[in-house]
Amino acid sequence: MTQQYRTPTGGHITRDTALSFEFEGTLIEGYAGDTLASALLSNGVHHVTTSIKFGRPRGIAAAGSEDPNGLIQITTPIPEPMQLATTVELAPGLSAHGIPGQGTLPTEPDPARYDTAHLHVDLLVIGAGPAGLNAALEAARAGARVALVDEQPLPGGYLLSTPCMIGGANSTEWIAQTAAELAARAVIHLQRTTVFGLYDDGLALAVERRTDHRGSDAAPDSLRQRIWRIRAIRTIVATGAHERPIVFADNDRPGILLAGSARTFLNRFGVRVGDSVTVFTTNDSAYSSAFDLHDAGVHVGAIIDSRLVIGTEWIEGAKIRGIPLHSGSVVTGTSGDNRLTSITLRRFNGTSFGTAESYEADTLLVSGGWNPAVHLYSQAGGMLRYDERLGAFVPHREVDAADVAASRSGTTFVPHREVDALRRPLPRSHEKFVPHTGVDGLAIAGSAAGKFGLREALDSSHKAVREALVDLRLAHSPSRPPEVEEDRDHTPGAVLWFVPSDDPHKLTTHFVDMQRDATVADIAHAISAGLRSVEHVKRYTTIGTAHDQGKTSGTVASGIVAEISGEKMSSLGTTRFRPPYTPVAFAALAGRARGHLFDPVRVTAIHDWHIAHGAEFEDVGQWKRPRYYPRNGEDMHAAVKRETIAARNAVGILDGSTLGKIDVQGPDAAEFLDRIYTNIMSTLKIGSIRYGVMCGVDGMVIDDGTVLRTEEDRFLVYTTTGGAARVLDWLEEWLQTEWPELRVYLSSATEHLVTFPVVGPRSRAVIGELFPDLDASNEAFPFMTWRDTKLANIPVRIARVSFSGELAYEVSVLSWYGLELWTRLIETGAKHGITPYGTEAMHVLRAEKGYPIVGQDTDGTVTPQDLGMSWVVSKKKLDFIGKRSFDRAANRDDTRRQLVGLLPDDPTKLIPEGSQLVTIESLDHATVPITMDGFVTSSYDSHALGSTFALALLVGGSTRLGEKINAVVNGELLPATITNHVLFDQEGVRRDG
Amino acid sequence: MPMTKPRTPGAELPAHPTFLWESPTPKKRYDVVIVGGGGHGLATAHYLVKNHGITDIAVIERGWLAGGNMARNTTIIRSNYLWDQSTALYEYALQLWEGLEDDLEYPILFSQRGVLNLAHTLQEVRDSHRRVEANKLNGVDAEWVDADGVRELCPLVNTSRDIRYPVLGATYQPRAGIAKHDYVAWGFARKASAAGVHLIQDTSVTGFLTTGNRVTGIRTNRSDISAGRVALAAAGLTSTLTDTLGIRVPIQSRPLQALVSELLEPVHPTVVMSNAVHLYVSQAHKGELVMGAGVDSYTGYGQRGAFHIIERQMAAAVELFPVFARAHLLRSWAGTVDVTPDASPIVGPTPYENLFLNCGWGTGGFKATPGLGVAFAHTIATGTPHRLVAPFSLDRFVSGRLVDEHGAAAVAH
Amino acid sequence: MTVDVSTKELLVARDGLDVHKEKFAALNAQVGVEVLPLAHQYNLRVSPNSDSAVAVEALLGSALPTSPSWVSSPAGQTIIWLGPDEWLIIDTPHHTDFEASLRDATKGHGAVVDQSGQRISLLITGDAPGLLAKGTALNLHSTAFPRGAALQGFLARAVVIYLSRSENSSRIELVVRTSFARYVADWLLDAALDPLAYPTPYGERTCH
Amino acid sequence: MQLIDCPWCGCREEIEFSYGGQAHIPYPDNPAELNDTQWAHYVFFRSNPKGVCAERWVHSAGCRRWFNALRDTCTYHFIETYRIGESPSFTSASLFPVTESQVSVPTEAGDRKTQ
């Protein structure tokens, strides 16, 4: 095609860079600087897609992100669904097609990269139109650190569509000069960047599109989008306004678009939107569009104005250009299939219609007035009020923050004034200023504030920025906003939501939300159905729920509801604006938290050794722990069997470095631990070790582990791997908030030390050999004691604890030497058959001994008594955390589940963990629900027992030892005998070797 | 350019009936006043009419009907809870869901597309087995599927072993699914209104009328209303009401966020939930991806949450569903969920005669709607707790006989 | 501990970041990452202004900082404020018996914990804020983060300590928990693949 | 994403902090003397006000100190933060409604003695 609708000159496009692109399979040409929409229109293509429900042809209806119609799917270079032709920049290699309301997710992987960047500024200005540029410049001149963010490729906003003189220059020059000065003053100026949300304390989130405009010239794996998290002390919202349509019969045909958008296409892109144009307006703004188009050589057939009173200036302007002006008239219908061919108008006095008159036209420009783009302001908690004169919701700036609080909640707990007085406490921060809270510190300027004249827009921005500078305590010299022409004395616009009829139920082609194919008739039906709330009506009709989130339809819909139901607009209100302002790609929000960076992988000092020795890993919290080390194609069962045999019969070694370690120091350390643990720690002797259990205040077990007394006033507390951070937090909470009088200090030592249990009958030999200075004999180094020694002059601590029932020495050293220690233990142990084992073998060994794992054999409903550990609950202590809860009714129930062992009758059958236990003898003909007596928490195949076995939490378990119970496995009953939970070496003879 | 395209499949929802409900002027007295016009309040009214023949009922709503959590939830319906008491209640509700469209004569779009609860760690696998096995013995359709099974049911899920938290398997409930929340609420409202129940909107309850230890009505911002019985179905706002009577209720009101993408062609055939990465996602009837995350960490009535939770959710979504990378976040919002210490609801009588409590549903309220409606209606009508809600009495926090869905690490939602 | 002689050769201290060091060396010139040598470090807990605190300060020859910052002792140790009664002392260069001296100074009225294996330091040079701003909401620009500042907070999903080692933010030390070090190193390498955070020079306010 | 004014570190991002529930609920002096109801109220029952309430927070990714805060649960905004043992500058009986759960009412906000 030939761009036959391109003007000979003008527009902010690069005419010497032609770009061809593919739309609906046809190659078309446009220029660099075009959007897909402007390039299509330059070739006379209005019809972009069909509507979602009715399949009606739809065209470009606006020039920006408010367009409800021009949905496309990009197929190359970067496939992406649900884009707007009006916001996609023309780029090399672009191909796209229209979509009827639903996109298709590309199935190929997304090779692009995304990231997040944080920015801290004094002032954030959102929108680089005249108000925003002026505000940014003033602030930068006063020395503020400023960020200026705008969603378009070019700064200028409204000025790009509306050439004029400003600051003594033409607007194009003024924009360039201003941008140059901003750059010189190190303003962070981001174009192609949409602020999509405003949050508390001056936080703005924006998405920057970095490469799409370069199309196939950009590497597929380049940084495509960046989320900016901008923390600003003050923010000025200068986001402009969206033009409002008027709803009338068949108002959705391709060729019908907003009047201001036509002017944008003409002046910014050098595109005439048609050959033969009519204009339908309720206000003055559309006249400029009509005149600009006429002056660009477009035939303007008529201007239809719903008002009776129209300014002389406009009447004269139309007369000079020979454009017929129909005042007090409305468009009542249109014709055309894939493009508008004619329109019908009638005189209308608010109640009755005159006779019909028709104009042939391929294009109809519509203006129902303007809605300030208050989305961000509303998101941040700014209140809106309905302005009768503008027919729009505008910022309600008289409202203070306390009223915002009240409006959000309905009621506040304390009188508003008191809250307000307290709202700005003195900052304890080293920061100079306290950022604003909610709408405090948020100003709105320009047409976003309802200031539609250029001069009043600049004035409002000037006022906003000067207030911000005062708040920032930045001196500024007296200045005035750039000189512009006096604003024209506007004749008030009429508020006309839709062209009515006797029965709104019949208005089935009066489209309110074109994207949803929702009409005035739908609204009328909703109201007839008894609905009064705008929220209900919108849900009934689905208005405002589509891709554009009702940017053009929201206010109009409220207006129509008000009109049909007879309610006042101000009492109906509008629905709450919710982030994001425009849709944001999931991948952009994910940033670089993808793949292996999705969540930290925590590893121990010997992780590489585990990998080199073929370990299979298990995720435990964020840690990677070796689960088993298969050799020569072993499966898990074989590897675990080999590992457990080694630990029971020779010697095994485990990387236990992930266990939490907390150093507890201070004169009251013993007292503190007595309050925390269920048993007594204060009687522990230096050099000795005690096992302990911690409960919540509800009496349920939350963690367990061993405690080493290292000095009179010092203990080393071991926690579970998963519990390390939680337990430290728990201890700090009690210490700081409840017992600040206790002289105790807590410090984490989890990663300071590596800990390697060396386990099995030959462990003494290994330890004795590697640490010749240590007497590892049972007499010199008894069970539940620890000793310090050295390896190559490096201190090593060895503890005689056992989580397997075997003779065991847990060896700890500064983690720097972890790998050295580990390899020397392995080397030394080689002749004793030392075998590294993983968490799975560890589980088999501990379960054979009936040692529970908190979080596996407990679930937050289990007390120490339930675990058969009444011995760990002190009777002597007056109190400890959880003690009082043991006396509650539920704790005395004989229906409590208690930890027991299970031996399946068939020792080759493994009862899966999680299996439920029942007493019924057969599942055949059993009716649900079937009573469950408990469930299996741990289950393993034990070489030592020569049988499978399980641990289970069983109702009344401690009184049922020796009884039979059935586990339900794959719909079959698997009989087992209930035993003590300690199944192996009940006498505990092995621990001393 | 040929431009004829068919209508977009699935884009059109079923039409609503031509009439929904009346907006009557409140009377001075009703046999039963229900505080809260959300799903629970409306369902309770419906079943008071249907099962107990009580029609002199007012449902008092401070805003617009079903405009609270009913309008904000992600509509997942399932019954595969851990404990017998929970399962019994939710399974009863699920059976009612299966017949609800006929009962209400309203197209509620109950789509039994199945729910997968992913397990990413060995402990999650154990917990999942435990829950599945308990579900089966409680008569709930539940099964364990391994990673291959997950891929078969939902090919979109990244079941690669190479991801940060590989999918080890999932529990699957085929009868679980989603429904269209507005349609459900409106169905109940329409039935109730047609039976003569007064649905009173834009009316805030400010307190209670009492005589001694008996509640005799409510105070509102418009006028006092006498009532034979008063039933609370006010979710997160319950404690602000019970506080006026000195009844302590152990709930905390927290924001729960949700979000939707734009409309996409059907790609996601089921519902996937993952506790480990804090995500659940389904594709609603019109084609939007509906997603939620965990409850926000601190108390708040503001119906908004913190955005970092959404960012984390997006990372989880792209990790689990690589194909979602180029879907777009269209809208995010939050509801206010009332959570209890044991993550189970509180339903039943109160220390005040004729005052009945229903709150603490956390993230489970929507799926329980019809079941709760029946049980609460029974409790109100007879004055004694329905067997299904009896375990969920307020005094369990004193006895310690909790129904600890939270402690047992069961998945939310 | 009585054993003081070993028959074995010395143990080698390892930081487990050899692979990352090679990758850091290959980074472009805009930003550099260096793994600092393993250092002895101690967690000190003592009431500010107490006798013990005074004794510690005498030992160090330096006042303990009282706000989120670090100071250097005359002997070159880095003393980092972690909390109102908590400091991390990086004992570089290593002083024999330092821990014992510290313990003596605090005797009975505080705590000293050897945390040498708990953390490791990475030094970011060049446009350090431009790199780190991708992962932290803390303001690390020189205006807000002058030499001597020490902030604890997140870098992506890990908690780290940021030390400002130069006036112009061109040397920022990250003190990282050992088990998170590889994650942090991976993150830094990934972040360094893309353009840094600031599109234009960003520094001091410019006044006219 | 608020900034929270840590009494020790200054204004920091919300994600650095953890919430610890209602403040000024002291551990009972002698739990053994409480009946089950009183104990249950200590363990499980907390205020859930719509408006300003006193809460405990901890700067978990920073200085690890617990502190108290007055916060509006409607706007979420922090009105004031104060150190453990300190009283808020804004005190009102309405902030600390005396309820059954408070088996011992703090004489001074933040003062928690036990055993």
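Everything numeric in this text was worked out from a predicted model, so none of it was measured.
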Heavy-atom distance under 4.5 Å to chain A: side chain of [X], backbone, both or neither?
X	result
B:Ala88	neither
B:Gln303	backbone
B:Asp84	side chain
B:Asn138	both
B:Ser23	side chain
B:Ala71	both
B:Val323	both

### Query
Are side-chain N/O atoms of B:Glu133 and A:Ser915 paired as donor and acceptor at under 3.5 Å?
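Per modelled atom types, B:Glu133 and A:Ser915 side chains form no pair under 3.5 Å.
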### Query
Taking atom types as modelled, is there a side-chain donor on B:Tyr165 or A:Asp619 under 3.5 Å from an acceptor on the other?
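Their side chains do not contain a donor-acceptor pair, so the 3.5 Å distance test is not met.
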Looking at [atom1] of [X] and [atom2] of [Y], how far apart are the two atoms once the value is rounded to the nearest 0.5 Å?
X	Y	atom1	atom2	answer
A:Arg516	B:Leu13	CZ	CG	6.5 Å
A:Tyr540	B:Trp186	OH	CH2	8.0 Å
A:Gln83	B:His328	CD	NE2	4.5 Å
B:Arg326	A:Asp110	CZ	CG	4.0 Å

### Interface moiety of A:Asp522 toward chain B, non-hydrogen atoms closer than 4.5 Å
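Contact with chain B involves no heavy atom of A:Asp522 at all.
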### Query
Is it the backbone or the side chain of A:Thr116 that comes under 4.5 Å from a heavy atom of chain B, or both, or neither?
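Answer is neither: A:Thr116 stays 4.5 Å or more from chain B.
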### Message
Against the six-membered ring of A:Phe598, is B:Arg164 placed for a cation-pi contact (under 6.0 Å from the centre, within 45° of the normal)?
### Response
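That pair does not qualify as a cation-pi contact.
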Side chains of [X] and [Y]: does their closest heavy-atom pair fall under 4.5 Å?
X	Y	answer
A:Val620	B:Thr121	no
A:Ile227	B:Glu311	yes
A:Val968	B:Leu137	yes

### Query
Taking the six-membered ring for Trp, are A:His536 and B:Trp21 parallel (under 30°), tilted (30 to 60°) or perpendicular (over 60°)?
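Judged by the thresholds at 30° and 60°, the geometry between A:His536 and B:Trp21 is perpendicular.
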Options [options], ranked by heavy-atom pairs under 4.5 Å with chain B, top entry:
options	answer
A:Glu108, A:Gln549, A:His525	A:Gln549
A:Gly103, A:Pro929, A:Gly530	A:Gly103
A:Thr107, A:Leu205, A:Asn891	A:Leu205

### Query
If you tally heavy-atom pairs under 4.5 Å against chain A, which of B:Asp162, B:Val398, B:Ile163, B:Leu65 wins?
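It is B:Leu65.
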### Task
Give the member of B:Ala317, B:Ser261, B:Pro322, B:Ala316 that has the highest number of heavy-atom pairs under 4.5 Å with chain A.
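Of B:Ala317, B:Ser261, B:Pro322, B:Ala316, B:Ala316 has the most heavy-atom pairs under 4.5 Å with chain A.
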Looking at [Y], is its backbone amide N or carbonyl O close enough to the side chain of [X] to form a donor-acceptor pair, meaning the two atoms are under 3.5 Å apart?
X	Y	answer
B:Glu262	A:Pro583	no
B:Arg126	A:Asp857	no
A:Glu535	B:Trp64	no

